[in-house]
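Every number for a ligand or one of its atoms is a count from 1 in the order of the listing. Computation of the quantities below employed the complete heavy-atom set of this structure, encompassing side-chain atoms and omitting hydrogens, waters and symmetry-equivalent molecules.
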Amino acid sequence: MTPPPPPVPSPDRLPVFPSGFLWGASASAFQTEGAAYADGKGPSGWDAFAAEPGRIKDGADATRGTGFYTRYREDVALLAGLGAGAFRFSVSWPRVVPGGSGPVNPAGLGFYDRLVDELCAHGITPAPTLYHWDTPLPLEEAGGWLDRDTAARFAEYAAVVAGRLADRVPMWITLNEPAEVTLLGYALGEHAPGRQLLFDALPAAHHQLLAHGLAVQALRAAGADGIGIAVSHSPVRAAGDTDEDRAAAGLYDTLTNHLFSDPLLTGRYPEGFEGLMPGPVGDDLAVISQPLDWYGVNYYSPMLVGAPAPDALDSYAGLGMPAGLPFGLREIEGVERTHFGWPVVPDGLHELLLTLKGRYGDRLPPVHITENGCSYEGTDDRPRIAFLDGHLRALHRAVADGVDVRGYFVWSLTDNIEWAEGAAQRFGLVHIDYDTLERTPKASYAWYRDAVRAQRAATARSRD
Ligand code: IFM
């Protein structure tokens, strides 16, 4: 007999988060906007990459996205129905500055102006990310993040966007997940620009961090406030109790976690890395480590890492792991998995937040969870609800244990184009029919809405 389905956790049974906690949802331009060549938008490195046969697994048409560019009002209405306090979207750099430098595209800037107005009209805080992976193609062709000049061009673009939106935008995100861009885009080649440079990809990390620092300066100069960055973090566990496994896991941890958070929060690279970075690194680090108003954490799952071995995964959730790496990823056994195959480990969120707090102490600014979510297919949305419930409970434990967390942005508002995975991985609270672009809220949409409602009611009661 098949066991009965697990009960749906009640949205009003969540522990109560601090008053003023921001409940949000996230999305990005390339994954949703479509309109890839409309109204003067320039091509991005991702547009060019996606157009190459075989780069997007299911051949999904990334030029259409979810049609957000024309349907944004519908999505803002969905956010309002959710009771979202904030929406994290991204601004497409090539929509605003089609050539990557030079003339600004008024129609592109006008789109974000209207989107911000629409959000404000519904009482939803706009939280734009300035770079969610769509580098203007001319800059990508000139070397992309391997070229120091890209950082300076990014700061100019940041100033343009802030000049137009800073009067209504109280929360800014410079970059999304520089680790993934470095690893997937420049080291392994699974993502645009498809480079396979392995450790020679490190300059891409440094130049993104420099771009972040220069953009913080440009944003502040343009009157923007509430500036943060979204960095991916995963607890890394050693696959075995040997020196080799521990060393491999330590290296992986450094490369994917601290290579980014250390320079941002301490002004230093992890030991041994400063000498591998290009340029006047000492001066750059002073720019990179300017004070932030908050720090964004994207969390999906922990990683189990050991010394390279025949049983190491040669592919992890679609990510090809080439031979010759000094570590090997292993399967985490005995836990639920999402449709993507990612292990579901809510405690990992608690663990990583306490690790960040322990490592950086008072240097860690208030935290927002800028992404957390899961991909499931089909009409049964209970696994997504269980995922959200488990992760919010783990997050609440981290708050109770002293981590200053101010907000949570579920990834994602709607299903969207999951980069090289195409349309097959559905992360949304809202289902997208990719033929008609019709939006249909899932059960998790109603659950999150009710959870937000219950949280607001509980904090209002505690104020009375
Ligand atoms: O869809 C992505 C997002 O663009 C960046 N963070 C991880 C998500 C899920 O893979």
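Counting only heavy atoms from C-beta outward, the side chains of R148 and L210 approach each other to under 4.5 Å. Using a 4.5 Å heavy-atom threshold, the side chains of Y300 and V345 count as separate.
Two rings, from H206 and Y269, have their centers less than 6.0 Å apart.
Scanning all protein heavy atoms for the shortest distance to atom 10 (O) of ligand 1 gives E418 OE2, 2.6 Å. In terms of protein heavy atoms, atom 8 (C) of ligand 1 is closest to Y300 OH, 3.4 Å.
Contact annotation: W342 has at least one heavy atom less than 4.0 Å from an atom of ligand 1. Put simply, no part of Q425 is less than 4.0 Å from ligand 1, judged by heavy atoms. At least one heavy atom of N176 lies less than 4.0 angstrom from ligand 1.
For the pair R439 and Y445, the cation-pi criterion (under 6.0 Å, within 45° of the ring axis) is not fulfilled.
Atoms of ligand 1 lying under 4.0 Å from any heavy atom of H132, numbered from 1 in the order shown and given with element: 3 (C), 4 (O), 5 (C).
Using the six-membered ring where Trp is involved, F340 and W342 have ring planes that are parallel, under 30° apart on the 30 and 60° scheme. A perpendicular orientation is assigned to the rings of F327 and Y252, their planes being inclined by more than 60° (bins at 30° and 60°).
Contact annotation for E371 and ligand 1: only side-chain heavy atoms (C-beta onward) come within less than 4.0 Å of the ligand.
Considering backbone and side-chain N/O of E177, one or more are found under 3.5 Å from N/O of ligand 1. Inclusion of W419 in the set of residues having an N or O under 3.5 Å from an N or O of ligand 1 is warranted.
Looking at D75 and R73, no side-chain N of the basic residue comes within less than 4.0 Å of a carboxylate O on the acidic one, giving no salt bridge.
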